[in-house]
Each structure stands twice: as C-alpha cells, then as structure tokens.
Amino acid sequence: AEADVLYDQVKDALNADEFQTIADIAAVVAEVNADATVSKVTYRLTKLVEANIAEKTDVTIAGVDGAKSRKVKAFRLVG
C-alpha cells in the first residue's frame, strides 16, 4: 500500500489536549499540503477515529451577527 502522506499530516495536526474542528484541522494541513481539501481531511479523520487514534465529539460554534449557533464535529488524539 502506498504511504498516505495526508493521513500522517492530519494526524500531526491533531493534539490530545483539545478538540479541534474539521475547518481548523484542514487549515493547518493546507499550510503543508496544497492538495488538502476539507473532504480529504474529513476522510482521514474518520480513518483515525476507526483506528482509535483519534476521537470525535460535537462542539457548538456560536453564531455571528445573530446567526444561530451550530454543531460541528471536532476531533482530538486519544490521550
């Protein structure tokens, strides 16, 4: 199997202390990999959760300018 560089980059972008949203993780990965997209990062995050390397939760993001708050998925390394 070909080494999945993006998988490792997504893993490296995570930390064990705090949950990070997909958008935040994708932004970090995009700094080192121009080919990284939110959907590609999300796929790797799902794989990391399946492997028990990462865990996910729902976090509420406050709305801006009267917009409703919304729930988004957030991830962190299993400590």
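Residue numbers run from 1 in the order of the sequence given. Heavy-atom basis, side chains included; hydrogens, waters and symmetry copies ignored.
Considering OG1 of Thr42 and CZ of Phe75, their distance stands at 7.0 Å, rounded to 0.5 Å. Separation of atoms CZ (Phe19) and CG (Asp58) is listed at 10.0 Å; rounding is to 0.5 Å. Residue Leu48 holds its CG atom at 9.0 Å from CG of Asp8, rounded to the nearest 0.5 Å. Here the CG-CD1 distance, from Leu45 to Ile22, works out to 6.0 Å after rounding to the nearest 0.5 Å.
Following chains of ILVMFWY side-chain contacts shorter than 4.5 Å, one cannot reach Val32 starting from Val5, and the two form parts of different hydrophobic clusters.
Minimum interatomic distance between Gly79 and Ala16 (heavy atoms only, all atoms of both residues): CA-CB, 4.2 Å. Shortest non-hydrogen contact noted between Ser69 and Ala62 is CB-CA, 4.0 Å. The two residues Gln20 and Asn15 come nearest to each other via the heavy atoms OE1-N, 3.4 Å.
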request  = Starting from the C-alpha separation in whole Å, work towards a yes-or-no answer on side-chain contact (heavy atoms from CB on, under 4.5 Å) for Leu6 and Val29.
outcome  = CA-CA 8 Å; Leu6 187 55; Val29 175; 3.4 Å; yes
inquiry  = Using the rule given for side-chain contact (heavy atoms from CB on, under 4.5 Å), can you reason through Glu55 versus Val49, listing the C-alpha separation, both sets of side-chain angles and the distance that settles it, and then say yes or no?
reply    = CA-CA 5 Å; Glu55 58 184 337; Val49 171; 5.8 Å; no
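Results of the salt bridge (Lys or Arg N to Asp or Glu O under 4.0 Å) test with Asp4 over Arg44, Lys40, Lys47 single out Arg44 as the only residue that passes. Among Val28, Thr46, Asn33, Val10, the one residue that satisfies the side chain to side chain contact (heavy atoms under 4.5 Å, CB included) test with Val41 is Val10.
Ion pair Glu18/Arg76 not flagged as a salt bridge, since none of the NZ, NE, NH1 or NH2 atoms sits closer than 4.0 Å to an Asp/Glu carboxylate oxygen.
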